[in-house]
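Quick notes on the structure that follows.
One is the number of the first residue; the rest follow in order along the sequence.
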Amino acid sequence: MASVSLSSLCLTQNPNSISFSSIASDHLRFGSPTVEFGSVKKYRRDRAVVCRASSVVFRNLDADDFRHPLDKQNTLILRAIPGLNELGKILLGSVAEQVMLLENIGTSLLVSKDQLSGLHQLMVEAAEILNIDAPDLYVRQSPVPNAYTLAISGKKPFVVVHTSLVELLTREELQAVLAHELGHLKCDHGVWLTFANILTLGAYTIPGLGGMIAQSLEEQLFRWLRAAELTCDRAALLVAQDPKVVISVLMKLTGGCPSLADQLNVDAFLEQARSYDKASSSPVGWYIRNAQTRQLSHPLPVLRAREIDEWSRSQDYTTLLKRATQITGAKKVLTTPGR
(Lines give C-alpha, C1' and ligand atoms only; values in the text may rest on other atoms or scores of the structure.)
Protein backbone atom coordinates (compact mmCIF):
# COMPACT_ATOMS: atom_id res chain seq x y z
CA MET A 1 0.00 0.00 0.00
CA ALA A 2 1.23 3.42 -0.79
CA SER A 3 -0.97 5.28 1.59
CA VAL A 4 0.64 7.23 4.32
CA SER A 5 -1.03 7.48 7.64
CA LEU A 6 0.36 9.48 10.42
CA SER A 7 3.00 7.17 11.67
CA SER A 8 5.60 7.48 14.20
CA LEU A 9 8.27 6.36 12.02
CA CYS A 10 7.13 6.05 8.58
CA LEU A 11 6.40 8.74 6.20
CA THR A 12 5.67 6.60 3.24
CA GLN A 13 4.79 8.15 -0.02
CA ASN A 14 6.58 5.71 -2.27
CA PRO A 15 4.54 2.60 -3.04
CA ASN A 16 7.72 0.58 -3.26
CA SER A 17 9.07 1.55 0.12
CA ILE A 18 8.68 -0.79 3.02
CA SER A 19 8.37 0.40 6.49
CA PHE A 20 8.16 -1.08 9.80
CA SER A 21 7.50 1.34 12.46
CA SER A 22 5.60 4.46 12.46
CA ILE A 23 3.88 6.80 14.61
CA ALA A 24 0.61 6.97 13.26
CA SER A 25 0.13 4.49 10.77
CA ASP A 26 2.37 3.91 7.94
CA HIS A 27 0.99 0.81 6.47
CA LEU A 28 4.13 -1.18 6.30
CA ARG A 29 4.73 -2.89 3.09
CA PHE A 30 6.64 -6.10 2.60
CA GLY A 31 10.34 -6.06 2.16
CA SER A 32 10.98 -3.13 4.29
CA PRO A 33 12.57 -2.25 7.55
CA THR A 34 10.78 -4.71 9.68
CA VAL A 35 12.62 -7.70 10.87
CA GLU A 36 11.36 -11.17 11.65
CA PHE A 37 12.96 -14.36 12.71
CA GLY A 38 12.27 -18.03 12.73
CA SER A 39 9.33 -20.07 11.74
CA VAL A 40 5.76 -19.11 12.31
CA LYS A 41 3.68 -20.95 14.85
CA LYS A 42 0.05 -20.37 15.73
CA TYR A 43 -0.97 -19.01 19.09
CA ARG A 44 -2.75 -21.49 21.33
CA ARG A 45 -4.74 -20.13 24.21
CA ASP A 46 -3.74 -22.74 26.77
CA ARG A 47 -0.13 -23.39 25.90
CA ALA A 48 2.58 -22.80 28.47
CA VAL A 49 5.30 -20.64 26.97
CA VAL A 50 8.56 -19.11 28.06
CA CYS A 51 8.75 -15.34 27.73
CA ARG A 52 12.10 -13.60 27.70
CA ALA A 53 14.66 -13.53 25.03
CA SER A 54 17.13 -11.82 27.32
CA SER A 55 18.23 -12.10 30.94
CA VAL A 56 19.54 -8.56 31.39
CA VAL A 57 18.13 -5.07 31.70
CA PHE A 58 19.73 -1.67 31.10
CA ARG A 59 19.03 0.23 34.32
CA ASN A 60 20.58 3.54 33.27
CA LEU A 61 20.15 3.36 29.52
CA ASP A 62 20.08 6.71 27.75
CA ALA A 63 18.83 7.15 24.20
CA ASP A 64 22.19 8.52 23.09
CA ASP A 65 23.85 5.30 24.24
CA PHE A 66 22.53 3.56 21.14
CA ARG A 67 21.40 6.36 18.86
CA HIS A 68 22.79 5.99 15.34
CA PRO A 69 25.26 8.75 14.33
CA LEU A 70 23.12 9.61 11.30
CA ASP A 71 20.13 10.05 13.60
CA LYS A 72 22.06 12.53 15.75
CA GLN A 73 23.34 14.42 12.73
CA ASN A 74 20.02 14.69 10.90
CA THR A 75 18.10 15.60 14.04
CA LEU A 76 20.40 18.60 14.54
CA ILE A 77 19.89 19.63 10.92
CA LEU A 78 16.12 19.34 11.23
CA ARG A 79 15.99 21.37 14.42
CA ALA A 80 18.06 24.12 12.79
CA ILE A 81 15.50 24.73 10.03
CA PRO A 82 13.97 28.20 10.67
CA GLY A 83 10.27 28.22 11.43
CA LEU A 84 9.88 24.45 11.56
CA ASN A 85 8.54 24.35 15.11
CA GLU A 86 6.06 27.14 14.41
CA LEU A 87 4.81 25.40 11.30
CA GLY A 88 4.44 22.21 13.29
CA LYS A 89 2.12 23.91 15.76
CA ILE A 90 -0.12 24.93 12.89
CA LEU A 91 -0.24 21.50 11.28
CA LEU A 92 -0.24 19.36 14.40
CA GLY A 93 -3.32 20.69 16.13
CA SER A 94 -5.72 19.10 18.59
CA VAL A 95 -8.15 18.05 15.86
CA ALA A 96 -5.49 16.19 13.90
CA GLU A 97 -4.32 14.48 17.08
CA GLN A 98 -7.84 13.39 17.98
CA VAL A 99 -8.41 12.01 14.49
CA MET A 100 -5.27 9.89 14.80
CA LEU A 101 -6.12 8.77 18.31
CA LEU A 102 -9.71 7.76 17.66
CA GLU A 103 -8.96 6.19 14.28
CA ASN A 104 -6.42 3.86 15.86
CA ILE A 105 -7.95 2.88 19.18
CA GLY A 106 -11.46 2.67 17.74
CA THR A 107 -10.50 -0.11 15.35
CA SER A 108 -8.02 -2.13 17.43
CA LEU A 109 -7.99 -4.54 20.37
CA LEU A 110 -6.36 -3.35 23.61
CA VAL A 111 -3.82 -5.84 24.94
CA SER A 112 -3.60 -6.32 28.71
CA LYS A 113 -2.99 -8.92 31.41
CA ASP A 114 -6.49 -10.19 30.71
CA GLN A 115 -6.44 -9.82 26.92
CA LEU A 116 -3.70 -11.53 24.89
CA SER A 117 -1.56 -11.68 28.02
CA GLY A 118 1.35 -13.28 26.18
CA LEU A 119 1.73 -10.22 23.96
CA HIS A 120 1.32 -7.99 26.99
CA GLN A 121 4.20 -9.78 28.71
CA LEU A 122 6.45 -9.35 25.68
CA MET A 123 5.86 -5.61 25.72
CA VAL A 124 6.41 -5.28 29.48
CA GLU A 125 9.67 -7.21 29.28
CA ALA A 126 10.98 -5.21 26.33
CA ALA A 127 10.16 -1.94 28.08
CA GLU A 128 11.91 -3.12 31.25
CA ILE A 129 15.08 -3.98 29.32
CA LEU A 130 15.16 -0.55 27.64
CA ASN A 131 14.38 1.27 30.90
CA ILE A 132 11.19 2.90 29.63
CA ASP A 133 7.55 2.87 30.70
CA ALA A 134 5.51 0.41 28.67
CA PRO A 135 3.00 2.12 26.36
CA ASP A 136 -0.43 0.68 25.63
CA LEU A 137 -0.42 -2.06 23.02
CA TYR A 138 -3.17 -2.68 20.46
CA VAL A 139 -3.68 -5.44 17.91
CA ARG A 140 -5.41 -4.46 14.70
CA GLN A 141 -6.88 -6.74 12.04
CA SER A 142 -5.02 -6.18 8.78
CA PRO A 143 -3.53 -8.31 5.99
CA VAL A 144 -0.60 -5.88 5.71
CA PRO A 145 2.22 -6.73 8.18
CA ASN A 146 2.99 -3.55 10.07
CA ALA A 147 3.60 -2.02 13.47
CA TYR A 148 3.56 1.63 14.45
CA THR A 149 3.64 3.99 17.39
CA LEU A 150 1.46 6.98 18.13
CA ALA A 151 2.56 9.69 20.55
CA ILE A 152 0.07 12.47 21.21
CA SER A 153 0.83 15.34 23.53
CA GLY A 154 -0.69 14.91 26.94
CA LYS A 155 -1.76 11.30 26.34
CA LYS A 156 -0.12 7.94 26.94
CA PRO A 157 1.61 6.72 23.75
CA PHE A 158 0.58 3.42 22.25
CA VAL A 159 1.86 0.83 19.83
CA VAL A 160 -0.25 -0.98 17.26
CA VAL A 161 0.65 -4.29 15.62
CA HIS A 162 -1.26 -5.86 12.75
CA THR A 163 -2.55 -9.40 12.99
CA SER A 164 -0.67 -10.44 9.85
CA LEU A 165 2.60 -9.39 11.49
CA VAL A 166 1.80 -11.55 14.52
CA GLU A 167 1.15 -14.50 12.21
CA LEU A 168 4.41 -13.97 10.37
CA LEU A 169 6.81 -13.69 13.30
CA THR A 170 8.03 -15.87 16.12
CA ARG A 171 7.70 -14.63 19.70
CA GLU A 172 11.31 -13.45 19.77
CA GLU A 173 10.90 -11.60 16.49
CA LEU A 174 7.66 -10.03 17.58
CA GLN A 175 9.33 -8.79 20.75
CA ALA A 176 12.12 -7.31 18.62
CA VAL A 177 9.46 -5.41 16.66
CA LEU A 178 7.93 -4.11 19.90
CA ALA A 179 11.42 -3.07 21.04
CA HIS A 180 11.92 -1.22 17.74
CA GLU A 181 8.74 0.74 18.43
CA LEU A 182 9.86 1.41 21.99
CA GLY A 183 13.07 2.78 20.52
CA HIS A 184 11.06 5.56 18.90
CA LEU A 185 9.59 6.51 22.25
CA LYS A 186 12.90 6.18 24.08
CA CYS A 187 14.52 8.55 21.57
CA ASP A 188 11.57 10.97 21.49
CA HIS A 189 10.96 10.20 17.82
CA GLY A 190 7.23 10.05 18.35
CA VAL A 191 6.30 13.70 18.16
CA TRP A 192 8.85 14.34 15.43
CA LEU A 193 7.58 11.45 13.36
CA THR A 194 3.96 12.43 13.69
CA PHE A 195 4.87 15.99 12.86
CA ALA A 196 6.94 14.90 9.88
CA ASN A 197 4.05 12.90 8.45
CA ILE A 198 1.56 15.72 8.85
CA LEU A 199 4.03 18.29 7.56
CA THR A 200 4.93 16.33 4.47
CA LEU A 201 1.31 15.59 3.67
CA GLY A 202 -0.21 18.83 4.82
CA ALA A 203 2.39 21.32 3.66
CA TYR A 204 1.24 20.91 0.08
CA THR A 205 -2.15 22.33 1.03
CA ILE A 206 -0.85 25.58 2.52
CA PRO A 207 -1.65 28.29 -0.06
CA GLY A 208 1.48 29.91 -1.44
CA LEU A 209 3.86 28.18 0.93
CA GLY A 210 2.87 24.56 0.56
CA GLY A 211 4.80 23.51 -2.51
CA MET A 212 7.92 25.40 -1.58
CA ILE A 213 7.97 24.17 2.03
CA ALA A 214 7.25 20.58 1.13
CA GLN A 215 9.87 20.60 -1.58
CA SER A 216 12.59 21.95 0.67
CA LEU A 217 11.75 19.76 3.65
CA GLU A 218 10.74 16.48 2.10
CA GLU A 219 14.23 15.22 1.32
CA GLN A 220 15.58 16.20 4.72
CA LEU A 221 12.59 14.65 6.50
CA PHE A 222 13.04 11.38 4.67
CA ARG A 223 16.75 11.41 5.43
CA TRP A 224 16.00 11.89 9.12
CA LEU A 225 13.32 9.18 9.14
CA ARG A 226 15.66 6.66 7.56
CA ALA A 227 18.30 7.45 10.18
CA ALA A 228 15.74 7.11 12.99
CA GLU A 229 14.91 3.61 11.75
CA LEU A 230 18.53 2.58 12.11
CA THR A 231 18.50 3.76 15.71
CA CYS A 232 15.37 1.75 16.51
CA ASP A 233 16.81 -1.39 14.94
CA ARG A 234 19.52 -1.04 17.56
CA ALA A 235 16.88 -0.88 20.29
CA ALA A 236 15.47 -4.12 18.90
CA LEU A 237 18.90 -5.73 19.16
CA LEU A 238 19.36 -4.57 22.76
CA VAL A 239 16.21 -6.49 23.65
CA ALA A 240 16.67 -9.53 21.42
CA GLN A 241 20.44 -9.66 22.01
CA ASP A 242 20.69 -11.81 18.92
CA PRO A 243 21.32 -10.01 15.61
CA LYS A 244 19.84 -12.91 13.67
CA VAL A 245 16.46 -12.23 15.23
CA VAL A 246 16.41 -8.64 14.05
CA ILE A 247 17.78 -9.52 10.64
CA SER A 248 15.19 -12.27 10.33
CA VAL A 249 12.42 -9.73 10.80
CA LEU A 250 13.79 -7.62 8.00
CA MET A 251 14.18 -10.67 5.82
CA LYS A 252 10.61 -11.81 6.39
CA LEU A 253 9.22 -8.39 5.61
CA THR A 254 11.26 -8.35 2.44
CA GLY A 255 10.01 -11.61 1.02
CA GLY A 256 8.53 -13.87 3.64
CA CYS A 257 5.17 -15.42 4.40
CA PRO A 258 3.99 -17.97 6.99
CA SER A 259 4.28 -20.90 4.58
CA LEU A 260 7.92 -20.04 3.74
CA ALA A 261 9.13 -18.88 7.14
CA ASP A 262 10.88 -22.11 8.11
CA GLN A 263 12.81 -22.13 4.81
CA LEU A 264 14.35 -18.68 5.17
CA ASN A 265 18.08 -18.30 5.79
CA VAL A 266 19.44 -15.28 7.65
CA ASP A 267 23.04 -15.90 6.56
CA ALA A 268 21.96 -15.97 2.91
CA PHE A 269 20.11 -12.69 3.41
CA LEU A 270 23.24 -11.10 4.90
CA GLU A 271 25.24 -12.31 1.91
CA GLN A 272 22.61 -10.67 -0.30
CA ALA A 273 23.16 -7.43 1.63
CA ARG A 274 26.90 -7.62 0.98
CA SER A 275 26.31 -8.26 -2.71
CA TYR A 276 24.12 -5.13 -2.84
CA ASP A 277 26.96 -3.09 -1.37
CA LYS A 278 29.33 -4.49 -3.96
CA ALA A 279 26.93 -3.90 -6.86
CA SER A 280 26.33 -0.29 -5.80
CA SER A 281 29.99 0.58 -5.22
CA SER A 282 30.62 1.81 -8.77
CA PRO A 283 29.80 5.42 -9.77
CA VAL A 284 26.73 4.27 -11.72
CA GLY A 285 25.71 1.93 -8.90
CA TRP A 286 26.07 4.72 -6.35
CA TYR A 287 23.81 6.98 -8.42
CA ILE A 288 21.16 4.29 -8.80
CA ARG A 289 21.31 3.48 -5.08
CA ASN A 290 20.91 7.13 -4.16
CA ALA A 291 17.95 7.54 -6.50
CA GLN A 292 16.43 4.32 -5.18
CA THR A 293 16.49 5.42 -1.53
CA ARG A 294 15.98 9.20 -1.73
CA GLN A 295 12.18 9.05 -1.48
CA LEU A 296 11.96 6.15 0.98
CA SER A 297 10.96 6.64 4.60
CA HIS A 298 12.90 3.53 5.60
CA PRO A 299 16.32 2.32 4.54
CA LEU A 300 16.39 -0.68 2.21
CA PRO A 301 16.01 -3.91 4.22
CA VAL A 302 19.36 -5.25 3.03
CA LEU A 303 21.08 -2.08 4.23
CA ARG A 304 19.36 -2.31 7.60
CA ALA A 305 20.44 -5.92 7.92
CA ARG A 306 24.05 -5.01 7.18
CA GLU A 307 23.93 -2.09 9.65
CA ILE A 308 22.62 -4.20 12.54
CA ASP A 309 25.08 -6.99 11.77
CA GLU A 310 28.00 -4.54 11.91
CA TRP A 311 26.76 -2.86 15.11
CA SER A 312 26.32 -6.24 16.81
CA ARG A 313 30.07 -6.78 16.36
CA SER A 314 31.09 -3.27 17.41
CA GLN A 315 32.84 -2.16 20.57
CA ASP A 316 29.93 0.18 21.38
CA TYR A 317 27.48 -2.70 21.50
CA THR A 318 29.85 -4.85 23.54
CA THR A 319 30.35 -2.02 26.03
CA LEU A 320 26.60 -1.58 26.39
CA LEU A 321 26.13 -5.26 27.16
CA LYS A 322 28.78 -5.05 29.86
CA ARG A 323 26.77 -2.27 31.52
CA ALA A 324 23.63 -4.39 31.59
CA THR A 325 22.30 -5.77 34.84
CA GLN A 326 21.58 -9.45 35.18
CA ILE A 327 18.09 -10.28 36.38
CA THR A 328 17.19 -13.42 38.24
CA GLY A 329 14.30 -15.58 37.23
CA ALA A 330 14.36 -13.98 33.82
CA LYS A 331 12.46 -16.78 32.19
CA LYS A 332 8.86 -16.86 33.22
CA VAL A 333 6.55 -19.69 32.31
CA LEU A 334 3.07 -18.43 31.51
CA THR A 335 -0.09 -20.19 30.51
CA THR A 336 -0.98 -17.84 27.72
CA PRO A 337 -1.33 -17.74 23.98
CA GLY A 338 2.06 -18.95 22.83
CA ARG A 339 3.98 -20.18 19.88
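- Listed for the T325 side chain is no donor-acceptor partner under 3.5 Å among the backbone atoms of F58.
- The only member of L109, V139, L168 that meets side-chain contact (heavy atoms from CB on, under 4.5 Å) when paired with T163 is V139.
- V159 and V124 are assigned to two separate hydrophobic clusters, defined by single-linkage of ILVMFWY side chains at heavy-atom distances under 4.5 Å.
- Distance CG/L185 to CZ/F158: 11.0 Å, rounded to 0.5 Å.
- Considering all non-hydrogen atoms of both residues, V144 and S164 come closest at C-OG, 3.1 Å.
- Side chain of Q175 to backbone of L122: a donor-acceptor contact under 3.5 angstrom is found.
- Closest heavy-atom contact between L264 and G256: CD1-CA, 4.2 Å.
- The structure places CZ of R79 at 12.5 Å from CD1 of I77, a figure rounded to the nearest 0.5 Å.
- Counting heavy atoms from C-beta outward, P135 and M123 have side chains that approach closer than 4.5 Å.
- Atoms NE2 and CH2, on H189 and W224 in that order, are 5.5 Å from each other to the nearest 0.5 Å.
- When atom types are taken as modelled, the side chain of N131 and the backbone of R59 share a donor-acceptor pair closer than 3.5 angstrom.
- The structure places NE2 of H120 at 9.5 Å from CG of L110, a figure rounded to the nearest 0.5 Å.
- D309 pairs by the salt bridge (Lys or Arg N to Asp or Glu O under 4.0 Å) definition with R274, R313, not counting sequence neighbours.
- Here the closest heavy-atom approach between residue G118 and residue R171 is recorded as O-NH2, 3.6 Å.
- Not counting sequence neighbours, the partners of T319 by the side chain to side chain contact (heavy atoms under 4.5 Å, CB included) test are Q315.
- Contact check for V161 versus R140: no side-chain heavy atoms found under the 4.5 Å cut-off.
- S312 and L237 get closest at one heavy-atom pair: CB-CD2, 3.7 Å.
- Between R226 and E307, none of the side-chain N atoms (NZ, or NE/NH1/NH2) sits under 4.0 Å from a carboxylate O, so this pair counts as no salt bridge.
- Of all non-hydrogen atoms in A305 and L270, the two that sit nearest each other are O-CD2, 3.7 Å.
- A continuous path of hydrophobic side-chain contacts links V239 to I132 [ILVMFWY only; heavy atoms under 4.5 Å].
- By the salt bridge (Lys or Arg N to Asp or Glu O under 4.0 Å) test, D65 pairs with R323, sequence neighbours left out.
- Distance CD/E271 to CG/N265: 10.5 Å, rounded to 0.5 Å.
- In this structure, D71 and T231 approach most closely via the heavy-atom pair OD2-OG1, 2.8 Å.
- Between Y317 and W311, the ring planes lie tilted relative to each other; the angle falls in the 30° to 60° range.
- A distance-only check finds a donor-acceptor pair linking the side chain of H68 to the backbone of L70 [under 3.5 Å].
- In this structure, the side chains of L303 and D277 come closer than 4.5 Å at one or more pairs of heavy atoms.
- Within 6.0 Å of CG on D267 lie more than 12 heavy atoms contributed by other residues, nucleotides or ligands.
- The distance from the CD atom of Q263 to the SG atom of C257 is 8.5 Å, given to the nearest 0.5 Å.
- In this structure, L174 and L119 have side chains that are in contact, with non-hydrogen atoms separated by less than 4.5 Å.
- Under a 3.5 Å cut-off, the side chain of K186 and the backbone N or O of L61 do form a donor-acceptor pair.
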